[in-house]
Amino acid sequence: MSKTVTPRTPKGFRDFLPDTMLRRNFVLDAITDEFHRFGFEPIGTPILERHETLFGKYGEDAEQLIFTAQHGRSTREPLAMRYDLTVPLARVVGQYENHLSFPFKRYHIAPVFRGERPQRGRYREFWQCDADIVGVAGMSADAEIVSLMQHILSRLGFPQFVIKINHRKLLVAIGDFSGVPKEQLPDLYRSVDKFDKIGAEGVRRELTERGIAADAVSRMIDLIQAKVAGTGSLDLIVDAIGADEDNGVDELRELAALLAEAKVPPACYDFDFTMARGLGYYTGPIFETVISEPNLGSITGGGRYDNLIGMFRRQSLPTTGTSFGIERIIDLMDELNLYPGHLGGTLVQVLVTVFSQDTRAASMRIADGLRQAGVNTELYLPSRKLGRQFQYADKKGIPLVAIAGPNEVEAGTVKLRRLADGKEVATTLSGAVDAAKQLLALTP
RNA sequence: GUGGGCGUAGCUCAAUGGCAGAGCACCUGAUUGUGGUUCAGGCGGUUGAGGGUUCGAGCCCCUUCGUCCACCCCA
């Protein structure tokens, strides 16, 4: 007998047992359905990409987190595991543009891999859930993305969320106006992005330490804190730095107008100049959603990246989109208890018990009838006494138990018992499906 | 990658350096046609691993692995 291996997953990789998987699927199904309603269509891409596809897209720091993958006998084609779904999209667009019609609205739900140190809400394998629009330069596309986010988050039942909106060009203009050198803009984004976490003074300290002049930092911090309802803060910024066609403010105004037309509730979004997003490739409006109560960081992130596709194509295509952080969304839904009551630990609706070998055939007929009527039905398989079969149903959370013992078989009936309240009805075999559906529908 | 907390039964955790325990879970019975309550009994351990100090280590020291948290970065 060989020694058993300690069963465990690699660091940062997780298994999902059925009750967890049911909740994950509930969230993904809701999101997918909303994607469809907005006319987005799915794509799939391989988990492994060619090394050259991924490297050189995310910046040096991020590149160190990319998993590489190699097969022992084929070293001629260096491979890497996808780090997000955006670069694969850019590759697909470059590779299949003749087969696509633009605007190309695609969604993509799949696992991605990052070799980070795991933490709460942060794993080495996690699912991303992206919707992007390729080929539309105007704000109509960005407005649709924001509207999509609002619909999905509302549908999932989040009582209050705020989609923060900013603009990369505006951050550049503010930096410029304050006197922050262009080559330090990435530092600026990184620090400003921590505004929520470390506050104005924290950002000031970081930027000063990075060698940006103190007066430039002060001017900048004053500007980004502009906070007036609606587009009011845009006016404040323009008052301060002056009007400029290329500072993104006009686009944000247009976006606000489109969001109003799309009937996105004003309480759901907010112009926030302290939100920057770390990724380097954004070129236009940027989005991020936060939930204030249990603070787990952002649950969506996205924006416009008009140049990325140019990495895989002679000429780039304007693109905007968003990514839903479903790992965090699921954690939050657990905490806020946002799942519907019918979503228990099992999807089995009826357990058909088997009283004895002699009545097995009758139980199988009942199970078959329920299954044909679309009821999720489990036929009890081991031979154990009735009490154990009830115990099994109760422990697993199966709402209904069907009993067909000798008495019922003799009379040509079946008993249905609802475990939650003990309500029990006896029906004919042909009436079992309706009776079961009724008991399930009126579950107390 | 940097810094810190924690590793004891399947799970949650006890145990002055001195006999490794409890609750829950699981199994059996009370109860051979009815679960979730109750009662009785039972199973369950190389104290993460390796080394050291000691008459004696779950406890102290070192190493290592795992895990959680804060950074870095990000969803």
Side-chain angles (χ1 to χ4, degrees), chain A residues 3 6-14 17 27 58-66 82-86 109-130 149 186-187 189-191 193-194 197-198 202 206 275-280 287-291 296-303 322-332 351-356 358-359 363 380 383-410 414-424 426:
Chain A
K3 214 176 135 189
T6 305
R8 60 188 208 198
T9 53
K11 185 199 285 287
F13 289 73
R14 298 162 296 162
L17 297 182
V27 172
Y58 302 106
E60 260 179 58
D61 284 351
E63 262 176 24
Q64 307 207 324
L65 303 176
I66 296 177
R82 67 177 163 221
Y83 183 81
D84 67 6
L85 301 177
T86 307
I109 300 177
V112 303
F113 304 86
R114 298 183 186 180
E116 295 183 280
R117 188 103 134 215
Q119 243 176 75
R120 175 165 135 102
R122 195 165 123 176
Y123 310 96
R124 289 187 163 184
E125 178 189 28
F126 62 97
W127 285 61
Q128 277 197 338
C129 194
D130 284 21
M149 286 192 268
D187 287 343
Y189 297 152
R190 252 198 300 278
S191 292
D193 211 26
K194 292 188 209 164
K197 197 188 266 185
I198 63 180
E206 273 202 14
M275 188 273 290
R277 304 215 39 83
L279 280 175
F287 320 115
E288 183 170 295
T289 307
V290 292
I291 307 266
L296 257 127
S298 56
I299 56 169
T300 80
T322 188
S323 178
F324 292 82
I326 65 159
E327 309 296 348
R328 288 180 184 175
I329 287 175
I330 287 166
D331 282 351
L332 278 171
L351 178 76
V352 178
T353 57
V354 177
F355 188 84
S356 68
D358 297 338
T359 62
S363 290
Y380 196 80
S383 326
R384 309 194 76 164
K385 59 184 185 181
L386 202 57
R388 299 306 303 270
Q389 303 189 38
F390 271 79
Q391 214 174 67
Y392 172 80
D394 184 55
K395 189 186 164 196
K396 220 175 141 177
I398 301 171
L400 233 53
V401 170
I403 307 118
N407 301 343
E408 288 80 14
V409 171
E410 175 83 16
V414 55
K415 257 196 232 170
L416 293 166
R417 181 181 174 90
R418 185 164 60 196
L419 293 189
D421 59 352
K423 184 175 171 56
E424 197 165 278

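Since this is a predicted model, take the numbers as computed values, not measurements. FYI, side chains are in, hydrogens and waters are out, and symmetry mates aren't considered; it's all heavy atoms of this structure. Protein chains get the first letters and strands the later ones, always in sequence-line order, with residue 1 at the start of each.
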Quiz question: going by heavy-atom distance under 3.5 Å, is there a donor-acceptor pair between the base of B:G35 and the side chain of A:D394? yes

Does [X] make a side-chain N or O approach to OP1 or OP2 of [N] shorter than 4.0 Å?
| X | N | result |
| --- | --- | --- |
| A:R277 | B:A75 | yes |
| A:Q391 | B:U34 | no |
| A:K385 | B:G33 | no |
| A:K194 | B:C72 | yes |
| A:R388 | B:U28 | yes |
| A:R114 | B:C73 | no |

Measuring from atom OG1 of A:T289 to atom CE of A:M275, what distance do you get when rounded to the nearest 0.5 angstrom?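 Separation between the atoms: 8.5 Å.
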
Of the nucleotides B:A75, B:C72, B:G33, which one has an atom closest to the side chain of A:E206? B:C72

Ranking B:G33, B:G1, B:C73 by distance to the side chain of A:K197, first place goes to B:C73

Across all strands, who's sitting opposite [N] as a Watson-Crick or G-U wobble pair, both distances under 3.5 Å?
| N | value |
| --- | --- |
| B:G7 | B:C65 |
| B:C26 | B:G42 |
| B:A57 | none |

Need to verify one output field. Residue with the more 5' nearest nucleotide on RNA chain B, A:Y392 or A:Q128?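 So the residue in question is A:Y392.
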
